[in-house]
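To keep things clear, I will list the structure first and then write my remarks on it.
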2 protein chains.
Amino acid sequence: MNSASISTRQRLMDGAVEAIRRYGIAGVSARTVAGCAGVNQALVFYHFGTLDELLVAACQAATAERVADYRDRFAAVRSLSELLDLGRELHEQERQAGNLAVLAQMLAGAQTDGRLAPAAAAALRLWTDEIELVLRRVLAGSPLAALADPPGLARAVAAGFVGLELYEGVDRAGADDALAALEQLAVLVDVVDDLGPVARRALQGRLARRSRGRVPPGGRS
Amino acid sequence: MNSASISTRQRLMDGAVEAIRRYGIAGVSARTVAGCAGVNQALVFYHFGTLDELLVAACQAATAERVADYRDRFAAVRSLSELLDLGRELHEQERQAGNLAVLAQMLAGAQTDGRLAPAAAAALRLWTDEIELVLRRVLAGSPLAALADPPGLARAVAAGFVGLELYEGVDRAGADDALAALEQLAVLVDVVDDLGPVARRALQGRLARRSRGRVPPGGRS
DNA sequence: GTCTATAGCTGGATAGAC
DNA sequence: GTCTATCCAGCTATAGAC
């Protein structure tokens, strides 16, 4: 953890990510990981104790790195449509780099492996915290603010990315259709977002009435 | 497939579903499946040749059964808000029954196992075909019709369910927040859906202008 | 820190008795 | 059709040489 070694520990973590990408969570083993890392299988246990702990460390490190890469981009976003543009770019880049795939596989494994669950939750959290910040900023002053819950939406976006990633893996064309349909719907958000003052007030009136109808006073959380 | 046997073949398929639910795709083996089914391990290979083929058959059968259970419910839906209500109920029931979990695990496995991929895609297709039909029906005559692509949206909904399911497995509260945020946003769709004729025409004008700006003429399929 | 070797276990798959 | 027994590959984890 100190000096000149860009070495074994890191190579193992990179190897873990690569192995998950290639073989899926069902195919990772100390041997496949070590193979991807180009090191001896026994070193997994020397450095991390168990395979699970290596996966946990690798997921955490890889995700933190990716999120940090995008921090400046997130900070520069000033409107909903800029956020949609960044989301599209981020989705495409992360998909190609295989990082979404790794996250999805970790999540799948975490469903039945309690030792992976906190790591997967933490990785998702790194993403959702960033998204939430941006949403909070760009929604301020929008007529959608009354209607949009930034923490919840950030989590929905993250879940959506994961679901789309898994879909893409079995039906690329279908997933593309899904994404295109969502972007088309986003036009609606966009239009509402820069309504004139009169239309805006009219919409807010309608929303208030409708919301009261759906969420009883003193309702949810 | 013919007579009085509610037997081994079916028990194995039920056992496969149960094993995926309990141990995840990384934990299914001929032995765990046979254990869940209460039959001998060798019977997996006698009846299905390989474990993968059993998983494929089980996924197909279980999904078809679930979709059939909902067909009448889907057919009875007459509006977007009825569809949202049914979606909420369906999500909750399938989550509790563990069928979404199985689908998610199959999808995760299918990412790196080409023999599972067609089965996972087909299972998703069973759901999206139903959803698409309903969407097509309830969107007819809505001002959203111009903006909403039923096949794409159906696929987006299915992907969203899968993503949320995986999220729930590692952070139940976060996933609940995500769902609540989406339902809150759905109010917007609802409001737009029953606009008066004047507001409707105004919105359509705005949408047309905005769409032209975003999707160049002769653009995407 | 890294390697070889190996113990001990679980996995897919088959042979052959019943 | 179903069971027992078994082969062999691959797995985690450790011991011990270097």
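First the proteins, then the strands, lettered A, B, ... as listed; each starts at 1.
Screening A:Leu164, A:Val162, A:Leu166 for a side-chain contact (heavy atoms from CB on, under 4.5 Å) involving B:Val162 leaves a single residue, A:Leu166.
Between B:Arg66 and B:Trp127 there is a side-chain heavy-atom pair separated by less than 4.5 Å. Looking only at side-chain heavy atoms (C-beta outward), A:Leu116 and A:Ile25 come within less than 4.5 Å of each other.
The distance from atom CZ of A:Phe48 to atom C1' of D:dA13 is 16 Å, rounded to the nearest whole Å. Between the C1' atom of D:dG1 and the CD atom of B:Gln10 lies a distance of 17 Å, rounded to the nearest Å. In this entry the distance linking CD of A:Gln41 with C1' of C:dA7 reads 13 Å, nearest Å. Between B:Asn40 atom CG and C:dG16 atom P there is a gap of 17 Å when expressed in whole angstrom units. For the pair A:Leu43 CG and D:dA15 P, the interatomic distance rounds to 16 Å; values are reported in whole Å. Summarising the geometry, the separation between CZ on B:Phe45 and P on C:dG12 is reported as 6 Å, rounded to the nearest angstrom.
Residue B:Ser29 places at least one side-chain N or O closer than 4.0 Å to OP1 or OP2 of C:dG11. Considering only side-chain N and O atoms, A:Thr50 lies nowhere under 4.0 angstrom from the phosphate OP1 or OP2 of D:dA13. In this model, the phosphate group of D:dG1 is not approached by any side-chain N or O of B:Thr8 to a distance below 4.0 Å at OP1 or OP2.
Heavy-atom nearest nucleotides on DNA chain D were determined for A:Thr32 and for A:Tyr46, and the one closer to the 5' end corresponds to A:Thr32.
Of the possible polar contacts, none joining the B:Glu18 side chain to the B:Val33 backbone as a donor-acceptor pair under 3.5 Å is found.
Base contact: B:Ala42 has a heavy atom under 4.0 Å from a base atom.
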